[in-house]
Protein chains: 4
Amino acid sequence: MIITLDPDSSTPFYEQLRNQIVLGIATGQLEPGEKLPTVRQLAEELSMNPMTVNKAYALMKQEGFIAIDRRHGAKVKPQLKASQERKELPPRLEQELQLLIAEASIHGMDREGFQEACGRIFARMAGGIDQDTDSTEHQTDG
Amino acid sequence: MIITLDPDSSTPFYEQLRNQIVLGIATGQLEPGEKLPTVRQLAEELSMNPMTVNKAYALMKQEGFIAIDRRHGAKVKPQLKASQERKELPPRLEQELQLLIAEASIHGMDREGFQEACGRIFARMAGGIDQDTDSTEHQTDG
Amino acid sequence: MIITLDPDSSTPFYEQLRNQIVLGIATGQLEPGEKLPTVRQLAEELSMNPMTVNKAYALMKQEGFIAIDRRHGAKVKPQLKASQERKELPPRLEQELQLLIAEASIHGMDREGFQEACGRIFARMAGGIDQDTDSTEHQTDG
Amino acid sequence: MIITLDPDSSTPFYEQLRNQIVLGIATGQLEPGEKLPTVRQLAEELSMNPMTVNKAYALMKQEGFIAIDRRHGAKVKPQLKASQERKELPPRLEQELQLLIAEASIHGMDREGFQEACGRIFARMAGGIDQDTDSTEHQTDG
DNA sequence: GTGGTCTAGACCACC
DNA sequence: GTGGTCTAGACCACG
């Protein structure tokens with residue numbers, strides 16, 4: 001799995017890293033139970049500070065995406081998808097989605113168009129591809 | 001329109017403010033052309049520094065959501081919704097949506113469930129209500 | 001001659017007004033010696049404060065574009081174009097042009113392209129038209 | 001690179017600063033990728049408030065002239081000139097140029113003379129010199 | 001040590 | 001009275 005960091009982005013490195021790993025999990029590039037590189041390996045590979053990688057890992061652990069074992073390093077949580085059957089968004093995501101929909105709607109997009117866009121993204125995700133998906137942070141604004 | 005700020009959130013004040021006003025515009029609580037409070041008024045009302053309100057206003061101006069008039073202060077841009085007919089998300093939103101969908105999908109939500117959730121949010125938005133919408137800043141993550 | 005003011009522009013009204021009149025003089029829509037509306041007339045016509053119109057007139061008088069006669073009101077200076085034969089830019093314009101060229105060059109435009117653009121604008125100007133020339137301030141950036 | 005601020009100018013400090021840096025980029029005094037002083041350094045050097053320098057940097061970042069890196073401060077955007085081949089001015093510059101040409105033409109300058117002046121400025125710029133270029137802020141008009 | 005954010009208080013241009 | 005600009009000084013997130 002390829003990870004690229006944009007130093008010009010306003011999004012901090014640890015968050016860029018976390019975002020891309022989460023994306024990797026969702027697309028299936030990283031499978032449940034799969035081992036992640038060690039903090040030092042990944043830090044070396046990306047030429048970044050181990051502390052920063054560590055922060056990303058700690059964040060994902062706290063969010064429940066990965067499990068950290070002192071002996072075997074970090075791995076994607078095995079029972080991720082199956083864990084919950086409820087069709088409800090966590091409040092944080094619900095809120096983010098609401099804001100996102102607000103902006104989209106102001107930009108003239110209606111419900112159907114938005115749901116279509118969601119459908120497209122889900123489709124891309126299911127494939128587990130990286131064709132259009134250089135989903136780093138490009139908003140060099142903040 | 002009620003605005004509440006969460007000092008414990010990692011989201012800076014000016015951004016919290018911006019988010020809530022954008023939400024207000026999308027829900028119709030703030031109509032196109034409607035006057036916003038002056039920088040000083042809002043600053044006083046929220047017990048914050050005028051510079052911070054100023055920053056939020058400047059941001060929304062730059063984003064095209066509001067117009068600032070030297071004489072009468074700021075107002076919601078009149079021709080917002082009608083402007084574009086294209087059914088495409090701006091790249092920044094597309095990318096954010098992708099990440100959001102990734103997280104939702106990891107939490108076990110499938111395409112249908114997600115689109116339903118979007119539908120519900122759109123419905124709430126169209127009404128311009130605040131029944132279920134305590135969509136303030138809850139992410140006390142900072 | 002049509003004058004339009006953009007209240008959302010960062011350019012102050014008096015300057016927008018001055019710019020459009022200067023443009024009118026250059027394009028020949030306003031001829032040397034031609035009488036301008038009185039401050040009050042123009043203020044009424046544009047629904048703006050007479051003080052603001054007055055400021056624009058005073059500025060143009062100070063710049064040498066118009067002459068103000070207490071009895072007959074303001075008029076475009078008669079001997080404008082003929083006055084100087086020298087092919088030199090006033091320092092203020094030279095400096096502004098330099099900055100403008102700097103930005104254009106950074107955006108990838110070379111000397112030829114820039115001179116072409118100048119040629120086109122001169123051509124438009126000579127015609128004395130208002131086809132493409134709604135040269136108000138549109139940069140609602142503040 | 002020497003930067004001088006004119007406190008008597010009507011142009012705000014942050015804009016004077018931005019203008020001179022943009023000029024420096026165009027003339028080659030500041031090369032693509034080159035590091036800019038930190039906000040604090042430059043503020044100290046110019047005896048001004050860091051916030052003001054910050055504002056200038058933020059503006060140039062938003063305009064795409066520089067990139068800001070959390071670790072090493074700001075640097076001139078690397079791929080500036082090569083980006084676009086089109087020979088078109090951005091509308092804002094086109095409009096400014098039109099007004100500038102209007103004023104020049106009123107001062108008796110014709111198309112040829114103006115294009116010559118542009119040529120001279122381009123030449124000076126390409127050299128990356130500061131022989132005749134005391135093109136600081138002279139407009140003590142505020 | 002870097003930029004980002006926030007506060008407090010002041011002055012000015014515009015209208 | 002409005003927003004725009006500037007200063008001084010402080011704290012925090014990031015790396």
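What you see is a predicted model; the values in this text were computed from it and never measured. Numbers restart at 1 for each chain; the letters A, B, ... are given by sequence-line order, proteins then strands.
Remark: C/Glu44 engages no residue in a side-chain contact (heavy atoms from CB on, under 4.5 Å) (not counting sequence neighbours). Under the rule for a side chain to side chain donor-acceptor pair (under 3.5 Å), the partners of D/Asp69 that lie at least two apart in sequence or sit in another chain are D/Arg71. Scored by the side chain to side chain donor-acceptor pair (under 3.5 Å) test, A/Glu63 finds A/Arg18 as partners (sequence neighbours excluded). Judged as a salt bridge (charged side-chain N to carboxylate O under 4.0 Å, His left out), and not counting sequence neighbours, the contacts of D/Lys75 are A/Asp8. Taking the side-chain contact (heavy atoms from CB on, under 4.5 Å) definition, one finds that B/Ala56 meets it with B/Tyr14, B/Leu17, sequence neighbours left out. Judged as a side-chain contact (heavy atoms from CB on, under 4.5 Å), and not counting sequence neighbours, the contacts of B/Asn49 are B/Met51, B/Thr52. Scored by the side-chain contact (heavy atoms from CB on, under 4.5 Å) test, A/Ala74 finds A/Leu36, A/Tyr57, A/Ile66, A/Ile68 as partners (sequence neighbours excluded).
Counting non-hydrogen atoms under 4.0 angstrom, B/Tyr57 reaches nothing in the nucleic acid.
If you take CD1 of B/Ile68 and P of E/dC14, they are 17 Å apart, rounded to a whole angstrom. Rounded to whole Å, the distance from NE2 on D/His72 to P on F/dC14 is 17 Å. Note: CG (A/Leu59) to P (F/dG15) measures 12 Å, nearest angstrom. With rounding to whole Å, A/Gln16 atom CD is found 13 Å from F/dG15 atom C1'. If you take CG of B/Asp69 and P of F/dG4, they are 11 Å apart, rounded to a whole angstrom. Between D/Leu42 atom CG and E/dG1 atom C1' the separation is 17 Å, expressed in whole Å. Rounded to a whole Å, the CG atom of C/Asp6 is 15 Å from the C1' atom of E/dC14. Between the CG atom of B/Leu36 and the C1' atom of F/dG1 there is a distance of 17 Å, rounded to whole Å.
With hydrogens and angles disregarded, no donor-acceptor distance shorter than 3.5 Å links the side chain of A/Glu15 to the backbone of A/Pro12.
Closest contact between the side chain of A/Tyr14 and the listed nucleotides F/dC6, F/dG15, E/dG3 involves F/dG15. Distance from the side chain of A/Pro12 is smallest for F/dC14 among the nucleotides F/dC6, F/dG3, F/dC14. When distances run from any side-chain atom of D/Thr38 to the nucleotides F/dT2, F/dG4, E/dG3, the shortest one goes to E/dG3.
Dense packing is recorded around NZ of C/Lys35, with more than 12 heavy atoms of other residues, nucleotides or ligands lying under 6.0 Å away.
Within the structure, a side-chain polar atom (N or O) of C/Lys55 is placed less than 4.0 Å from OP1 or OP2 of E/dC14.
Along DNA chain E, the nucleotide nearest C/Glu15 and the nucleotide nearest B/Glu15 are compared for position; the residue whose nucleotide lies closer to the 5' end is B/Glu15.
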Pick out the pairs of N or O atoms, protein on one side and nucleotides 7-10 of chain E on the other, that lie under 3.5 Å.
{"from": "E/dT7", "atom 1": "OP2", "to": "B/Asn49", "atom 2": "N", "distance (Å)": "3.2"}
{"from": "E/dT7", "atom 1": "OP2", "to": "B/Thr52", "atom 2": "OG1", "distance (Å)": "2.8"}
{"from": "E/dA8", "atom 1": "N7", "to": "B/Asn49", "atom 2": "ND2", "distance (Å)": "2.7"}

Show me the dot-bracket string of DNA chain E, counting Watson-Crick or G-U pairs under 3.5 Å, with | for pairs to another strand and [ ] for crossing ones. ||||||||||||||.

